[in-house]
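In the text below, chain A, chain B and the rest are named by the order of the sequence lines, each starting its count at 1.
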There are 4 protein chains.
Amino acid sequence: MPRPRIEDAEDRLLSAGLNLFARLGTERVNSNAIARRARLGIGTFYSHFADKHALLREIQMRTLAGIRGARLDALATASDEPLEQVRASAEAVLRFARSHPEAYRVTFGRERAGASTHGPVVSESSRPIEKALRRLQAAGRIDTSLDPELAARAYLSMEVGTLLWWLEDPGRAEMSALVDTLARMHPALTRA
Amino acid sequence: MPRPRIEDAEDRLLSAGLNLFARLGTERVNSNAIARRARLGIGTFYSHFADKHALLREIQMRTLAGIRGARLDALATASDEPLEQVRASAEAVLRFARSHPEAYRVTFGRERAGASTHGPVVSESSRPIEKALRRLQAAGRIDTSLDPELAARAYLSMEVGTLLWWLEDPGRAEMSALVDTLARMHPALTRA
Amino acid sequence: MPRPRIEDAEDRLLSAGLNLFARLGTERVNSNAIARRARLGIGTFYSHFADKHALLREIQMRTLAGIRGARLDALATASDEPLEQVRASAEAVLRFARSHPEAYRVTFGRERAGASTHGPVVSESSRPIEKALRRLQAAGRIDTSLDPELAARAYLSMEVGTLLWWLEDPGRAEMSALVDTLARMHPALTRA
Amino acid sequence: MPRPRIEDAEDRLLSAGLNLFARLGTERVNSNAIARRARLGIGTFYSHFADKHALLREIQMRTLAGIRGARLDALATASDEPLEQVRASAEAVLRFARSHPEAYRVTFGRERAGASTHGPVVSESSRPIEKALRRLQAAGRIDTSLDPELAARAYLSMEVGTLLWWLEDPGRAEMSALVDTLARMHPALTRA
DNA sequence: AATGAATGAGATTTCATTCAT
DNA sequence: TATGAATGAAATCTCATTCAT
């Protein structure tokens with residue numbers, strides 16, 4: 001027996017999923033729990049998402065889009081001095097993570113032991129950094145001995161790992177200390 | 001019907017588990033599969049490990065011990081110049097990861113989305129780095145504006161993320177480029 | 001939002017159902033799929049048929065009526081020589097099956113393992129044959145040792161089984177060979 | 001929590017399945033019901049059969065083997081007069097069906113509407129009849145205008161349909177009347 | 001100690017059916 | 001009359017765990 005048309009069942013499922021994933025992890029959450037928390041029938045879950053992982057992927061895609069947008073906004077405002085760019089970008093991500101800690105953790109948190117990577121999620125994010133490094137090399141602002149792909153992955157891993165750690169307890173460090181540290185270790189601002 | 005004492009049942013289970021975890025990830029491996037691959041009965045599995053996660057933890061502990069040992073050996077040989085220490089340490093871990101890629105991936109690979117951290121495994125590893133940074137600060141070799149705990153986490157995340165990415169396809173980068181990059185971005189060798 | 005009265009919604013549902021049943025079998029077709037294939041809403045399905053089985057029954061009833069009509073037309077034209085009657089009847093059914101293979105298969109195909117019969121569908125069809133045999137016995141044209149009900153069932157099973165087999169691949173046999181075989185084995189034309 | 005080693009769990013599942021399939025049909029029986037009726041856990045079901053259909057197939061294979069054996073025994077005893085062969089064979093199957101009515105119905109009963117055939121089960125059975133007809137043709141005992149494959153299918157459909165009808169209520173006809181009718185309509189004993 | 005058949009809780013997934021629009 | 005999102009009972013299947021041998 002159906003209920004009256006639910007306002008935005010999909011959004012409710014996404015936010016129920018986000019909340020549960022963030023609290024319990026992917027493995028310990030099942031489709032039933034998500035539907036129940038969204039106060040929807042299990043059938044409704046499956047009429048919106050193929051399965052639990054499809055919902056997870058959707059959360060991650062939305063989060064990545066949000067971070068990408070925040071980063072681009074920040075970069076547009078900052079001067080094109082590398083230091084400024086790096087700091088602005090890091091700060092933008094930090095602010096995003098602080099205001100959407102669940103989404104950040106669900107998107108970048110560890111997923112499977114034995115999985116060799118942070119997966120497509122991290123790959124996608126490291127690409128823009130890689131491109132920026134190449135641009136700086138072309139402009140002669142950083143040395144060409146650096147492998148841009150490698151350096152981008154390295155920086156992103158650092159950023160992600162640091163933020164995940166910070167989000168566990170934001171009292172651990174001042175935002176400014178985080179930005180300082182991330183900037184100081186950024187490949188564009190270090191030299192061989 | 002009981003069988004004669006199996007030579008090294010535990011080792012066989014560990015290596016079967018390592019292999020399966022590395023290939024399929026924790027979630028997609030079950031205790032029966034591990035026992036079967038070790039050519040042992042499922043009952044034997046449970047007489048050696050409390051459950052699948054106990055076996056996984058044992059693999060991780062052994063791997064961490066191996067890495068710690070390799071790092072210490074390398075540091076003992078290197079001069080106490082920070083650059084040398086950092087490079088020697090990174091190289092030791094790299095060599096370890098290259099010769100035990102499965103163990104490295106199973107130990108440091110992502111586990112659960114929504115888990116907020118790299119878990120105790122990474123915590124344990126970052127502690128020695130944190131101490132080394134404090135020592136350098138005390139010796140006046142690096143500035144005190146750096147938060148040692150934060151910097152250690154940041155560096156370790158970078159190292160782990162980079163190695164996991166590299167292990168996916170070791171052809172991606174030369175070992176020397178990896179060492180260069182990790183060293184260049186190391187908090188002990190950068191300044192604000 | 002309601003839509004304008006659909007032209008022949010029922011016919012569209014019947015032919016969508018026929019097509020799907022024939023291709024996938026009753027079990028693997030659901031009411032939603034039928035409605036979708038008819039390009040109608042699922043609600044429309046239920047305003048025309050009580051459920052999936054009602055639609056199936058309707059298809060079968062129409063098919064049986066078609067076969068009965070074809071048989072009667074053929075018999076009316078044929079001489080009342082038993083051989084002629086039998087051949088004309090068989091040929092009529094054959095032609096019908098060849099031009100409506102889906103309907104024939106959906107009507108006479110196997111339905112449930114463990115169901116003890118060809119169901120009411122076959123019963124209904126065997127009745128006229130039974131009556132014809134009784135008439136021939138009364139007229140002294142065939143021996144009375146034959147049990148008309150049994151013989152009718154036997155013949156009909158043969159006809160149905162043979163046609164279903166033939167429809168799988170009509171290249172398997174000429175229509176004339178089929179008519180010859182069915183006639184030769186017909187109880188009215190054989191003797192103890 | 002396991003129970004003591006069950007004596008022949010597989011046999012119990014097979015007979016529970018046979019009984020339920022015969023009473024309710026494939027569609028209305030599920031793996032849980034079979035396991036419950038066998039007084040076994042559902043897990044036990046799946047450690048013996050891949051699914052419900054695997055169990056059904058096993059029942060059918062065993063039944064076919066039983067019928068084949070019974071037929072061969074009867075033929076070995078009978079004279080090689082076609083009439084005798086045909087009657088002996090029909091009688092053997094009849095006896096088998098009467099003493100294993102559930103197995104016969106589950107093996108030959110209808111399965112899926114829209115399925116075009118009696119499936120591999122009937123194919124396998126018609127092959128020996130086809131061969132016997134070819135032998136008779138080669139020996140000049142029956143005319144060569146008959147298509148052996150077609151005639152074998154036709155006869156088998158008749159035999160199966162007749163027996164399924166008879167098993168619904170064995171009081172419907174004497175065994176001798178059934179044998180008479182089947183023999184009378186057998187392609188080896190009729191002529192064009 | 002070693003075995004592996006048996007177990008059943010629980011996760012996933014399907015689909016006939018309803019009813020507010 | 002037509003619609004289709006929502007529903008949840010029910011079926012399928014997995015796998016960690018036990019324990020009699």
Give one of base, sugar-phosphate or nothing for [X], where a contact means two heavy atoms less than 4.0 Å apart.
X        : result
Ser31(B) : base
Asp51(D) : sugar-phosphate
Asn32(B) : base

Give the rounded distance in Å between these two atoms: [atom1] of [X] and [atom2] of [N].
X        : N       : atom1 : atom2 : answer
Arg12(B) : dA1(E)  : CZ    : C1'   : 14 Å
Leu55(C) : dT17(E) : CG    : P     : 13 Å
Tyr46(A) : dA16(E) : OH    : P     : 18 Å
Ile34(B) : dA16(F) : CD1   : P     : 8 Å
Phe49(D) : dC13(F) : CZ    : C1'   : 16 Å
Leu13(C) : dA2(F)  : CG    : C1'   : 12 Å
Arg28(B) : dA11(E) : CZ    : P     : 20 Å
Glu27(B) : dA16(F) : CD    : P     : 12 Å

Which atom names give the shortest non-hydrogen contact between [X] and [Y], and what distance separates them?
X         : Y        : value
Leu14(B)  : Glu58(B) : CD2-CG, 3.7 Å
Ala35(C)  : Ile42(C) : CB-CA, 3.8 Å
Arg37(A)  : Ala16(A) : CG-CB, 3.7 Å
Lys52(A)  : Asn30(A) : CD-CA, 4.1 Å
Val106(B) : Gln60(B) : O-NE2, 3.3 Å

Within less than 4.0 Å of OP1 or OP2 of dA2(F), is there a side-chain N or O belonging to Ser47(C)?
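So the side chain of Ser47(C) is within the cut-off, an N or O lying under 4.0 Å from OP1 or OP2 of dA2(F).
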Think His48(D) has a side-chain N or O under 4.0 angstrom from the OP1 or OP2 of dA6(E)?
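Answer is yes, contact under 4.0 Å.
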Return whichever of Val29(D) or Val29(B) has its heavy-atom-nearest nucleotide of DNA chain F closer to the 5' end.
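Looking at the nearest nucleotide for each, Val29(D) comes out on the 5' side.
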Can you check whether Leu40(A) reaches Phe45(A) side chain to side chain, under 4.5 Å on heavy atoms?
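SC-SC contact between Leu40(A) and Phe45(A) ruled out.
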Looking at side-chain heavy atoms only, is the closest gap between Leu167(B) and Arg105(B) below 4.5 Å?
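Yes, their side chains come closer than 4.5 Å.
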Any idea which of [options] is nearest the [X] side chain?
X        : options                  : result
Ile42(C) : dT12(E), dA16(E), dA5(F) : dA5(F)
Ala9(A)  : dA6(F), dT13(E), dT12(F) : dA6(F)
Thr44(C) : dA11(E), dA2(F), dA16(E) : dA2(F)

Working for side chain to side chain donor-acceptor pair (under 3.5 Å), residues Arg36(D) and Asn32(D)
CA-CA 6 Å; Arg36(D) 203 177 324 119; Asn32(D) 276 282; 5.3 Å; no
Along DNA chain E (nearest heavy atom to each residue), the more 5'-positioned of Gly41(B) and Lys52(C)
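Going by which nucleotide is closer to the 5' end, it is Gly41(B).
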Return the stems involving DNA chain E, sorted by first number, where pairs are Watson-Crick (N1-N3 with N6-O4 or O6-N4) or G-U wobble (N1-O2 and O6-N3), both under 3.5 Å, and runs are 3 or more long.
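Counting only runs of 3 or more consecutive pairs, the stems involving DNA chain E are E:2-21 with F:2-21.
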